Number of protein chains: 2
Amino acid sequence: MTALHGPRVTIKDVAARAGVSKGAVSLAFNHKPGLSEATRDRIFRAARELGWAPSLTARSLAGARVDVVGLAICRPARMLGLEPFYMEFVSGVESVLTEHSSSLLLRLVKNLDEEAGLLESWWKGRQIGGSILVDFREDDPRVPVAEPLGLPVVAVGHPSLTGSLTSVWTDDTTAVGEAVRYLAALGHRRIARVGGAAALGHTVLRTAAFDEAAKALGLAGAWQVATDFSGEAGARATRSLLTAAPADRPTAIVYDNDIMAVAGLSVAAEMGLKVPEDVSLLAWDDSQLCRLTHPTLSAMSHDVHGFGAEVARTLFGVISGDGTGSHPVPTPVLTPRGSTAPPSR
Amino acid sequence: MTALHGPRVTIKDVAARAGVSKGAVSLAFNHKPGLSEATRDRIFRAARELGWAPSLTARSLAGARVDVVGLAICRPARMLGLEPFYMEFVSGVESVLTEHSSSLLLRLVKNLDEEAGLLESWWKGRQIGGSILVDFREDDPRVPVAEPLGLPVVAVGHPSLTGSLTSVWTDDTTAVGEAVRYLAALGHRRIARVGGAAALGHTVLRTAAFDEAAKALGLAGAWQVATDFSGEAGARATRSLLTAAPADRPTAIVYDNDIMAVAGLSVAAEMGLKVPEDVSLLAWDDSQLCRLTHPTLSAMSHDVHGFGAEVARTLFGVISGDGTGSHPVPTPVLTPRGSTAPPSR
DNA sequence: GATAGGGACTTTACCGGTTAAGAAAGCGCT
DNA sequence: AGCGCTTTCTTAACCGGTAAAGTCCCTATC
C-alpha cells in the first residue's frame with residue numbers, strides 16, 4: 001500500500017542524498033557553471049534515484065519565467081466542435097510549445113470581457129508567461145487590457161484590429177479578391193458570399209474586400225450573408241440564396257469556412273441542383289473535410305498548422321523581448337477541386 | 001510610458017496600503033474568520049485600487065491545491081482537427097472546470113510513453129492537481145505510472161482497460177449490439193463495420209461486440225476493417241467494401257466516427273450507389289456533421305459535451321478524496337435519419 | 001479585582017526553489 | 001612564504017503566498 005498523497009521528494013532530499021547543498025542541486029539542474037563534473041554527476045544520479053523533478057511552481061515563484069502559454073477561445077462550444085480550424089491551429093501552436101517545453105493553458109470563454117478578465121488574473125496570478133489572442137473584433141476590449149498589463153501577447157488578426165499588439169495575420173483582403181476574380185474568370189457574374197460572424201474583425205475585412213472586388217469586376221450580382229459559422233447557418237443561408245429564380249440566383253458561392261461549404265453542398269443536392277454545373281461552391285481554410293465530399297470542394301487553402309506554429313514562435317519572441325510588430329503569414333491560395341466550374345449557360 | 005515588465009503588486013503592497021499585515025490580507029481573501037467587517041472592506045478596497053490578485057503560483061506552493069487539470073491527447077494532429085469529438089469533449093470538461101475556477105492544461109503528445117512521462121513531470125512539478133486520461137489501450141502504460149504517483153486521475157475508458165484507476169465510460173458493447181440489431185431488423189443480412197484504430201481499447205471492445213452480435217443474429221456476412229479514424233481511411237475502407245459484386249457486398253456499414261461516415265457517403269455517391277437504397281450507413285458519436293449531409297446520417301448518438309462534464313465532475317471527486325470507482329455514462333442511442341433503410345431487394 | 005475567554009490581528013515559520021554574496025581550498029607566481 | 005585568482009561549493013536572503021501560534025485588548029464572570 002503506497003501512501004496516496006505521500007510526501008513528495010524535494011530538492012532538499014536530493015541535496016542530502018548527493019551530500020551537497022540545495023544551491024548546488026539548483027546549479028546542476030540549470031546547467032550553470034560552478035560545479036565539478038563529478039559533483040554534477042552525483043547530483044543527477046541522486047535525483048534519478050529519488051525520481052525528483054524540480055517543482056515548476058516553486059521555480060517560477062523564485063523569479064524564473066513561467067513556461068505556460070494561455071489561449072482563451074470565445075465561441076459557443078457547439079460551434080467549436082465542428083470547426084476543424086481550432087484543433088489544427090492548436091496543434092500547430094503545440095508543436096512549437098513542445099520545443100520550448102511549455103504547455104498550453106486552454107479556456108473557453110463566453111465573451112471577450114470575460115476573456116480580458118481571465119488574461120488579467122492569469123497574468124497576475126503568474127499562471128502564464130504569455131498569451132495568444134484570437135478572434136479579434138473592432139475596438140477589441142483585450143487591446144486596452146493586455147497592453148498596460150505588460151503581458152506578452154500575440155494577437156491573431158489584422159494589424160488594423162490589434163492596435164499596438166504584436167500581430168500575426170493572413171491577408172484575407174487579397175485572398176477574397178483572388179477568390180472572386182477566380183470565379184469571375186470562370187464566367188460567373190452572380191456571386192454570393194456566406195460570411196462568418198459579423199462581429200469578428202476578419203469578417204468585416206472580408207466583407208469589404210468582397211464588395212470591392214465585386215465592384216471592380218462589375219459583377220451583375222453580389223450577395224453577402226452573415227452567419228455564426230455553424231453548418232446549420234450555412235445551410236440556411238445557402239437555401240435562401242438558391243431559392244431565387246434560376247436567372248436571378250447566384251451561380252457561385254464562397255463560404256467563410258469548410259463546414260458551411262459542406263452544408264451548402266448538401267443543400268444544393270437536396271434542392272436538386274448539381275455542383276458544379278448549376279452552382280459552384282468555394283470553401284475556406286481547406287481542412288481534410290474538403291477532400292471527403294462528393295464532389296470534392298474547391299477551397300482557399302492555407303496552412304493552419306503552420307499558422308499556429310508561427311504564432312507560437314512569435315509569442316516566444318515577444319516574451320524574450322525581441323520580435324514585436326506585425327507578422328504576415330502566407331496568403332491563402334486557391335485550390336481548385338470538383339466544386340467549381342464555369343456556369344452552365 | 002508604462003514600464004513593460006514593471007514590478008508586480010504583491011500581497012505586501014496591499015497589506016501596507018490597508019494598514020494591516022500580510023496575514024490579514026490572506027485571511028480576507030480566503031474568506032476565513034478572524035477579521036472585522038471594517039478591516040475586510042479596507043483590505044478589499046486596497047486590493048481593488050492596486051489591481052491586485054493573489055499569485056496562484058505562490059498560493060499553490062504554500063500547500064493549497066492546484067487549480068489546473070491536465071489533458072494529454074495522443075493522436076496525430078492531422079486527425080485531431082477533424083474529429084469533432086475532442087473539441088466537444090473539451091468544451092464539456094471546461095464547463096465544469098469553470099465552475100471550480102480551474103483551467104485546462106492541454107498537450108498533444110506523440111505516444112503514450114511520452115504522455116506517461118508528461119504526467120509525472122506535471123505532477124511532480126506541481127503543475128496540475130489532477131488529470132484526465134483518454135484513449136486507453138490494452139496494457140496501457142499510464143496505469144502503472146499514475147497509480148504509484150498518487151496523481152488524481154480519471155480514466156476515460158472501460159474498467160477492463162483502466163485497471164485500478166477511477167473510470168468514466170460508455171457501454172460500447174451494448175451500443176454496437178444495438179446498432180447491429182437495428183440494421184438486422186431493417187432486413188440487412190450483410191453488415192460491415194469500419195472501425196477505429198486497432199490499438200485503442202474501445203476499438204477492441206467494439207470489434208468483439210460486433211462479432212458477437214453478428215454471430216447471435218446469424219448474419220450472412222459480417223466484415224470489419226480497422227482504420228486510423230481519418231476520413232481518407234474511411235473512404236478507402238468503404239471503397240474496398242463496396243467494390244465486391246452486388247450480391248456479395250455489404251448492404252449496411254457502421255462507422256466508428258462521423259468523419260468516416262461522411263467520407264463513406266461520398267464514396268457511395270462517387271461509385272454511383274444510392275444511400276440508403278443501395279447501402280445504408282450508420283455513423284457514430286453524432287456531431288452536427290451528421291445533420292449537414294445529404295442524406296442526413298443516421299448515427300449512434302451520445303452527449304459528448306455531457307460526457308466531458310461528467311469526467312470533470314468525477315475528477316473533482318477524486319481530487320477531494322471521494323467518488324472513486326467506475327462511472328458509466330448513458331449508452332449511445334440510435335438516432336435514425338436518412339442514411340438507413342431496409343435494403344432494396 | 002483578579003482571571004478566564006474570545007475576537008482581531010500580527011508574527012513567524014514554512015512551501016521548494018533561485019541567486020547573490022561569502023568562504024575554503026588549490027594553484028601559479030614572485 | 002605570502003599574495004592574488006580561480007574553481008567549487010555553502011549560506012542566506014528572497015519570491016508571494018498560507019497557517020499555526022502568539023499577542024493584545026476588551027468584556028463577562030465569580
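Each chain gets a letter, A, B and so on, in the order the sequences are listed, and its residues count up from 1. What you see is a predicted model; the values in this text were computed from it and never measured.
Counting only distance, with no hydrogens or angles, the side chain of B/T39 and the backbone of B/L35 share no donor-acceptor pair below 3.5 Å. Panel note: side chain A/W123, backbone A/L149; a donor-acceptor pair is recorded below 3.5 Å. Remark: side-chain polar atoms of B/T314 are paired, donor with acceptor, to backbone N or O of B/E310 under 3.5 angstrom. When atom types are taken as modelled, the side chain of B/S121 and the backbone of B/L118 share a donor-acceptor pair closer than 3.5 angstrom. A donor-acceptor contact shorter than 3.5 Å is absent between the side chain of A/S101 and the backbone of A/T98.
In this pair, A/F29 and A/W52 present their aromatic rings perpendicular. The plane angle is above 60°, beyond the 30 to 60° band.
Here A/R126 reaches the OP1 or OP2 of D/dG16: one of its side-chain N or O atoms lies under 4.0 Å away. A sub-4.0 Å separation between OP1 or OP2 of D/dT18 and a side-chain N or O of B/S26 is present. Considering only side-chain N and O atoms, B/K12 lies nowhere under 4.0 angstrom from the phosphate OP1 or OP2 of D/dG17.
Less than 6.0 angstrom separates the ring centroid of A/H100 from the ring centroid of A/F316.
To the nearest 0.5 Å, atom CG of residue A/L97 and atom OG of residue A/S102 are 5.5 Å apart.
Residues A/D140 and A/D135 approach most closely at OD2-O, 4.1 Å, considering heavy atoms. For the residue pair A/S26 and A/I11, the shortest heavy atom distance occurs at N-CD1, 4.0 Å.
Per the geometry, NZ belonging to B/K22 stands 13 Å off P belonging to D/dA19, to the nearest Å. In this structure, the CD atom of A/Q127 is 16 Å from the P atom of D/dG16, given to the nearest Å. One can place CG of B/L61 at 8 Å from C1' of D/dG17, the figure rounded to the nearest angstrom.
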>> Each nucleotide in nucleotides 4-9 of chain D should get exactly one letter: B, S or -. Can you fill that in based on protein heavy atoms under 4.0 Å?
In response: ----BB

Please list, one pair per line, the donor and acceptor atoms closer than 3.5 Å that link side chains of residues 56-63 of chain A to other protein atoms, with sequence neighbours excluded.
unit_1: A/T57; atom_1: OG1; unit_2: B/G125; atom_2: O; d: 3.3
unit_1: A/T57; atom_1: OG1; unit_2: B/R126; atom_2: O; d: 2.9
unit_1: A/R59; atom_1: NH2; unit_2: A/N30; atom_2: OD1; d: 3.3
unit_1: A/S60; atom_1: OG; unit_2: A/L56; atom_2: O; d: 3.3
unit_1: A/S60; atom_1: OG; unit_2: A/T57; atom_2: O; d: 3.2

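Once you apply a 4.0 Å limit to the heavy atoms of chain B, the touched nucleotides of DNA chain C run 5' to 3' over C/dA8 to C/dG16.
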Where do N or O atoms of nucleotides 20-26 of chain D meet protein N or O atoms at under 3.5 Å, pair by pair?
none

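Two end axes, each from the C1' atoms of five base pairs, can be drawn for the helix from C/dG1-D/dC30 to C/dT30-D/dA1; they diverge by 60°, to 10 degrees.
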> Going through the distances and angles, do B/W122 and B/S131 end up as a side-chain hydrogen bond (donor to acceptor under 3.5 Å, both in side chains)?
Replying inline: CA-CA 9 Å; B/W122 269 351; B/S131 186; over 6 Å; no

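Checked against side chain to side chain donor-acceptor pair (under 3.5 Å), A/Q127 has no partners two or more places apart in sequence or in another chain.
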